[in-house]
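Each chain gets a letter, A, B and so on, in the order the sequences are listed, and its residues count up from 1.
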Amino acid sequence: MTDHSSSGSAPAPGAPSDFIRDAVKQDLASGRFTYVRTRWPPEPNGYLHIGHAKAICLDFGIAAENGGVCNFRFDDTNPEKEEQEYVEAITADVRWLGFEWGEREFFASGYFEQLYQWGEQLIQAGKAYVCDLNEQEIREYRGTDVADKGPITVTLPGRNSPYRERAVEENLELFRRMRAGEFPDGARTLRAKIDMAHPNLHMRDPVMYRIRHATHHRTGDSWCIYPMYDFQHPLSDSIEGVTHSLCSQEYEIHRPLYDWFLENLGIFHSRQIEFARLNLTHTVMSKRWLLELVKDGRVRGWDDPRMPTLVGLRRRGYTPESIRDFVSRVGMSKTPSTVDIALLEHCLREDLNKRCMRAMAVLKPVKLVIENWPAGKVTQIEAVNNPEDPSAGSRTVPFTGELYIEQDDVREIPPPKYYRLYPGNQVRLRYAYIVTCTGVRKDPATGEIREVMCTCDPATRGGNAPDNRKVKATIHWVSAGHSIPVEARLYDHLFTAELPQIVPAGVDWMDTINPASLETVKGARVEPGLARALPGDRFQFERLGYFVVDQDSAPGSLVFNRSVSLKDAWARIEKKEAAGR
RNA sequence: UUCCCGGUAGUGUAACGGUAGCACAAAAGACUCUGGAUCUUUUUGUGGGGGUUCAAAUCCUCCCCGGGAAACCA
């Protein structure tokens, strides 16, 4: 990438461009780096969500676009929070998203010895010292005085630690004894000797190592001192020859420290660039809140289809392609932003529309009886599998004189602009026949329509109108005798509020969960061909939405998750009509 | 409170001193055997005040607003 001449012209359509990609190109052009290598550094302490997907796509994407590689590296330097279980879950999620890293899977814990040696090197250079101050004292000396109540703290000038001028030899001996396990947790730390008056608090002699007699998920009990993120991360990047270390914005203030360690060690200097993390409307993204939802049983688990986690989205029926498309459309910037979840849904619809098999399913069935249909007669109707993809072919669906149609497709008295079934009106049964409604039978107690009667025009077989009559509505159906019962789970936004993280005073945020975020429909019916569907299989249920077979399914009892509904023009009309009166 | 980073239609993102564009959303229409899809069209924007310049979203300055940080977490 040294094509200076084209730098002023617009990028090719579809080629992503943003301030980070621009910076990478400049670094190549200026000779700061001669190649591009990135890394994606998850901490194995939780499940991935779609915000992580943004970073994953960025790191792997930029590497690929520049002929480089992206290292997959676990930032596992806090044994108290990290577990092997998460390593596996994260690995599976990234693979599912569609990225490969071959042999380039690393662990920061794999660098512990090298990191330790660099710690000694800084001590020898007089740039690090062992400090005996406890946690509270360190805070006080740093100048950050935590108030007893509330989050407000006061920043004061920092003071040098009384241990700051320890002799090199003493520091070395103490650091070695720290490693040897001679001191209890928290007794001492190794600190960088920088500047206690620095306006950036991270530069006021930050802690490099702390003592933790804890078992690490990979190194076991071989270490009782663990490096801090600020010390570990730049050095791990350096070891791996990472050129561009891309991270979210909260690390921006850490960058001077990142640079300080690399400069003072005189080792390969990676460049850290920060970007704004992703937020979505109608959901929450923070690990803590997500965890609380799970712990409190407000959702069924990390993979609840309402969760913005990758496992949740997968179970919901999202495709990796749609998520990657979404991420690229969202773009990269430093502006704190909240993306409309409608964009995510749009990306899924667009992807699934092209490649999903259609099927007919009735969520809330009402019986339709064709009065002039010969008793017991069954005929096979040919139905197109995907109008967007002729190569998908067609299938047959059994048709009889007793069908189920959607409750919502019948009214005794039609509202304005309603052109589905009501007495006297005709509709087309998708791919089958044009029928005319002759009446409805209602439950005398509830007034609910129990049965719809109609007559069928045999000349319209296949749904054609030989006389060219206009039939405004086409509705879906299944044969009452052939269709199979299934459970459908209809999902909506987890929170009704657009920005659930803004909680009104006096309200528990968990009580703002959308009570309609999950509707379980037990008596749905689907066409018989779906009997063999397997978990993960996706369908478009005509006129309803995209559905995926859930893992809760068992042979003979299928469960479908609604991934996303189809756009519903009628719902908008109905809403508008209702608002208008 | 201190420090850091940001503010472009409703939302997200381009424009890199020279015509403010794209996507989603919203709205209108066309077409349609999914009120789907597709196609056409429309509405809405540079946070505010000062400067510099022939020319400012872009450069300078003050103000306002938003986000982040102030862990022996990452």
- Task: Fill in the dot-bracket string of RNA chain B, one character per base: . for unpaired, | for a pair to another strand, ( ) or [ ] for pairs within the strand, taking Watson-Crick or G-U pairs under 3.5 Å.
- Result: (((((((..((((....[..)))).(((((.......)))))....(((((..]....))))))))))))....
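Between the Arg420(A) side chain and the Val427(A) main chain, no donor and acceptor come within less than 3.5 Å of each other.
Looking at heavy-atom distances under 4.0 Å, Asn134(A) makes contact with a base. Across all strands, Glu135(A) comes closer than 4.0 Å to base atoms (heavy-atom distances). Among the protein residues, Leu133(A) comes within range of the nucleic acid bases, having at least one heavy atom under 4.0 Å from a base atom. Residue contacts shown for Gln249(A) are limited to sugar-phosphate atoms, with no base heavy atom under 4.0 Å away.
Nucleotide A69(B) holds its C1' atom 13 Å from the NE2 atom of His198(A), rounded to whole Å.
Residues Asp351(A) and Tyr318(A) have side chains that never bring a donor and an acceptor to within less than 3.5 angstrom of each other.
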- Going 5' to 3' along nucleotides 36-45 of chain B, which nucleotides have protein heavy atoms under 4.0 Å from the base (write B), which only from the sugar-phosphate (write S), and which from neither (write -)? BS--------
Might you list the N or O atoms of the protein lying below 3.5 Å from N or O atoms in nucleotides 8-12 of chain B, with each pair's distance?
unit_1	atom_1	unit_2	atom_2	d
U11(B)	O3'	Thr338(A)	O	3.2
U11(B)	O2'	Thr338(A)	O	3.0
U11(B)	O2'	Asp340(A)	N	3.4
G12(B)	OP1	Thr338(A)	N	3.1
G12(B)	O2'	Val330(A)	O	2.7

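Within the structure, the salt bridge (Lys or Arg N to Asp or Glu O under 4.0 Å) test picks out no pair touching residues 45-55 of chain A (sequence neighbours left out).
Side-chain to base pairing of Tyr251(A) with G68(B): no donor and acceptor N or O lie closer than 3.5 Å to each other.
Residues forming a ring pair (Phe, Tyr, Trp, His ring centres under 6.0 Å) with Phe541(A) (at least two apart in sequence, or on another chain): Phe547(A), Phe560(A). Applying the ring pair (Phe, Tyr, Trp, His ring centres under 6.0 Å) criterion to Phe106(A), with sequence neighbours excluded, gives no partner residue.
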